[in-house]
Engineer: 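Below is the structure I would like to discuss, written out as structure tokens.
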Amino acid sequence: MTLRYLTAGETHGPQLTAIIEGLPSNLKLDFEALNFELARRQKGYGRGRRMQIEKDTAEIVGGVRHGLTTGAPVALVVANNDWTHWRNIMNIEPISGTDEEKRRVHRPRPGHADLNGGLKYNLKDLRNVLERSSARETAIRVAVGAIAKQLLGHFGIKIAGQVIRIGEIEAPPHQLPIDELISKTENSSVRVVDPETEKLMEAYIDKIKEEGDSIGGIVECIVEGVPIGLGSHVQYDRKLDGRIAQAVMSINAFKGVEIGIGFEAGRLPGSKVHDEILYSEERGYHRASNRLGGFEGGMTNGMPIVVRGVMKPIPTLYKPLQSVDIDTKEPFAAQVERSDACAVPAASVVLEHVVAWEVAKAFLEKFGGDSLEEIERNVKSYLAQLENY
Ligand SMILES: Cc1cc2nc3c(=O)[nH]c(=O)nc-3n(C[C@H](O)[C@H](O)[C@H](O)COP(=O)(O)O)c2cc1C
């Protein structure tokens, strides 16, 4: 059984829902850790008021008993706390009332799914598009990824995320061990390790906000402790780097993805790109460097996976952009709305979780079993095979 999940739910509906299938039985879930990940997504300098209204928590409503997975599908719910204010607007029953009462949207926002979705699904109320296309959905994806993270954690695989750039401000490179990286970024309002960069980024976000604008950036995810051989070279859709790229691009507002040095590889000669192979009794096969970000041939090579994604600036601006009303076909300047000026730190948390999911999925494809114990045996025997190679 391959690991899979689906999500449902709208940004102002009662809840977001996910069903995960393919988790083994006997995985101990840490509910506090799950909710901690949801809280991490809500933090970050530059976020708007909604993040203060909503305090996300996940409720598990299937597939777990007495703290352990049973092997049945795991159902998760993240409630939308301000739904009470939207009960009528989001009612699943037909309602009467004016467009205004229904909060009908007829003015598509540039940079959003509004117009494409309205045209494609033949919807004259663009709320039916924006409610689902909203990045609120990333909350449930973080909840799903948090479970993947716990599965990986059981096998000693650690995941960290950090912000590399916000607009013009770039964080200086560092070589911190992963535990230190995790604790330092956790204490930063913009998820960087360097306090000086944090100050610069905060000031930069303030300036952008004052100008009525928004700003994007670059985020990075590092996965350490991954065994050699997740993913496969034999078929296009089994290449794990390709799957990760798809997952990263599926995060709202992400416009590009890099593995390792990524686009730099197009500028440098081969001698400065490829990672030389070394062998020692202690470490077995390993690499002299990790410029290729842990992948060759669509398979992990035992070095940390390093993935970067670029987030465009948030499209809802205080500074209005030109658009066209779908009722009148007349141009208008999009109305001023309450929105985040920068969600790059939150996006870094989302990145960690979508990457965790893809790695967990490949992990179970390689070592899959119905129970955690069966997977443990499979991992052990594979590691012995590598040792005797
Ligand atoms: C964590 C996060 C928070 C976001 N918050 C907002 C927001 O407050 N306002 C907004 O207009 N877009 C926000 N976005 C971006 C939009 O959801 C996204 O641009 C839109 O759905 C269109 O999708 P696309 O940019 O992938 O084409 C956010 C994205 C992420 C990842």
Side-chain angles (χ1 to χ4, degrees), residues 10-12 41-42 44-54 82 86 89-90 98-139 163 165-169 190 201-219 248-257 309-348 350-351:
E10 282 72 35
T11 184
H12 295 111
R41 190 199 72 97
Q42 294 190 282
Y45 202 80
R47 308 226 53 199
R49 213 173 66 88
R50 182 161 187 194
M51 289 307 121
Q52 291 150 26
I53 305 171
E54 304 255 353
D82 68 344
W86 292 82
I89 301 157
M90 295 304 291
T98 61
D99 273 4
E100 199 145 305
E101 281 159 355
K102 291 178 186 164
R103 298 266 195 109
R104 175 174 167 249
V105 176
H106 48 96
R107 295 179 149 192
R109 300 160 305 164
H112 274 279
D114 305 359
L115 184 59
N116 301 337
L119 290 166
K120 176 178 164 70
Y121 287 90
N122 196 23
L123 297 166
K124 294 285 164 60
D125 184 352
L126 302 179
R127 176 163 302 286
N128 291 324
V129 179
L130 72 86
E131 283 288 335
R132 178 64 186 156
S133 69
S134 159
R136 173 80 188 134
E137 198 255 357
T138 60
V163 169
R165 164 182 292 279
I166 291 180
E168 295 293 325
I169 315 294
V190 285
M201 284 180 174
E202 285 188 356
Y204 187 81
I205 294 168
D206 288 342
K207 181 173 110 18
I208 290 285
K209 217 173 183 170
E210 265 165 42
E211 290 166 359
D213 222 321
S214 61
I215 194 73
I218 296 174
V219 290
V248 174
M249 285 298 289
S250 77
I251 305 172
N252 305 52
F254 274 57
K255 290 285 127 188
V257 55
V310 59
M311 183 188 192
K312 74 181 184 184
I314 277 170
T316 307
L317 305 182
Y318 286 88
K319 202 188 226 170
L321 292 172
Q322 182 80 27
S323 182
V324 173
D325 191 305
I326 59 165
D327 288 347
T328 63
K329 312 287 189 284
E330 292 294 325
F332 75 95
Q335 64 251 57
V336 174
E337 274 191 55
R338 182 171 275 141
S339 174
D340 301 347
C342 175
V344 175
S348 135
V350 179
L351 176 74

Engineer: Of all heavy-atom pairs between P345 and V163, which one has the smallest distance, and what is that distance?
Structural biologist: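 Scanning both residues, the minimum pair turns out to be CA-CG2, 3.8 Å.
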
Engineer: State the NZ-CG distance between K124 and L119, to the nearest 0.5 angstrom.
Structural biologist: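 K124 NZ to L119 CG: 9.5 Å, rounded to 0.5 Å.
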
Engineer: Quick one: are V248 and L351 in side-chain contact, heavy atoms under 4.5 Å?
Structural biologist: yes

Engineer: Would the distance check show the side chain of R165 and the main-chain N or O of V310 forming a donor-acceptor pair, the cut-off being under 3.5 Å?
Structural biologist: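 Judged by distance alone, no pair lies under 3.5 Å.
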
Engineer: Is there a side-chain contact between S323 and R107, using heavy atoms and a 4.5 Å cut-off?
Structural biologist: no

Engineer: Not counting sequence neighbours, which residues clear side-chain contact (heavy atoms from CB on, under 4.5 Å) with A347? List them please.
Structural biologist: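 Scan of A347 (side-chain contact (heavy atoms from CB on, under 4.5 Å), adjacent residues dropped) gives F254, M311.
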
Engineer: So which heavy atom on P110 is nearest to which on L321, and how close?
Structural biologist: CG-CB, 3.9 Å

Engineer: Which is it for T328 and H106 under the side chain to side chain donor-acceptor pair (under 3.5 Å) test, yes or no, and what are the steps along the way?
Structural biologist: CA-CA 9 Å; T328 63; H106 48 96; over 6 Å; no

Engineer: Side chains of I326 and P108, heavy atoms from C-beta outward: is any pair under 4.5 Å?
Structural biologist: yes

Engineer: If you measure from CZ on R47 to SG on C342, what distance do you get to the nearest 0.5 Å?
Structural biologist: 9.0 Å

Engineer: Please report the shortest heavy-atom distance between K255 and K312, naming the atom on each side.
Structural biologist: CG-CB, 3.9 Å

Engineer: Mind checking whether R136 and E10 have side chains closer than 4.5 Å, heavy atoms only?
Structural biologist: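 R136 does not reach E10 side chain to side chain.
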
Engineer: Which residues pass the side-chain contact (heavy atoms from CB on, under 4.5 Å) test with K120, not counting sequence neighbours?
Structural biologist: none

Engineer: Taking K102 for the side chain and D125 for the main chain, is one N or O donor matched with an acceptor at less than 3.5 Å?
Structural biologist: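 No.
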
Engineer: Starting at CG of D340, measure out to CD1 of I314 and round the result to the nearest 0.5 Å.
Structural biologist: 4.5 Å

Engineer: Okay, side chain of E137, backbone of R132: is any donor-acceptor separation there less than 3.5 Å?
Structural biologist: no

Engineer: Distance from N252 atom CG to T138 atom OG1, nearest 0.5 Å?
Structural biologist: 6.0 Å

Engineer: With a 6.0 Å cut-off (strictly less than), is the heavy-atom count around CD of E168, excluding the residue itself, greater than 12?
Structural biologist: no

Engineer: Hey, what do you get for CD1 (I218) to OG (S348), rounding to the nearest 0.5 Å?
Structural biologist: 12.5 Å

Engineer: What's the spacing between I215 CD1 and Y204 OH if we round to 0.5 Å?
Structural biologist: 3.5 Å

Engineer: For a 4.5 angstrom cut-off between non-hydrogen side-chain atoms, does L126 reach L115?
Structural biologist: no

Engineer: Of all the heavy-atom pairs spanning Y45 and D206, show the shortest one and how long it is.
Structural biologist: OH-OD1, 2.8 Å

Engineer: Got a sec, which residues hit side-chain contact (heavy atoms from CB on, under 4.5 Å) with I89, two or more places apart in sequence or on another chain?
Structural biologist: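 Result, side-chain contact (heavy atoms from CB on, under 4.5 Å) vs I89: W86, R103, R127.
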
Engineer: Just by distance, do the side chain of D114 and the backbone of R109 share a donor-acceptor pair under 3.5 Å?
Structural biologist: yes

Engineer: Begin with the C-alpha distance, continue with both residues' side-chain angles, and end with the deciding distance and a verdict on side chain to side chain contact (heavy atoms under 4.5 Å, CB included) for I169 and V190.
Structural biologist: CA-CA 11 Å; I169 315 294; V190 285; over 6 Å; no

Engineer: Identify the heavy atoms of R41 and A135 that sit nearest to each other, and give their distance.
Structural biologist: NH1-O, 3.7 Å

Engineer: Could you tell me whether the side chain of I208 reaches within less than 4.5 Å of the side chain of I166, counting heavy atoms only?
Structural biologist: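 In short, these two side chains do not touch, never coming nearer than 4.5 Å.
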
Engineer: If every non-hydrogen atom of V344 is compared with every non-hydrogen atom of G216, which pair is closest and at what distance?
Structural biologist: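 Distance-wise, the nearest heavy atoms are CG2-C, 3.4 Å.
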
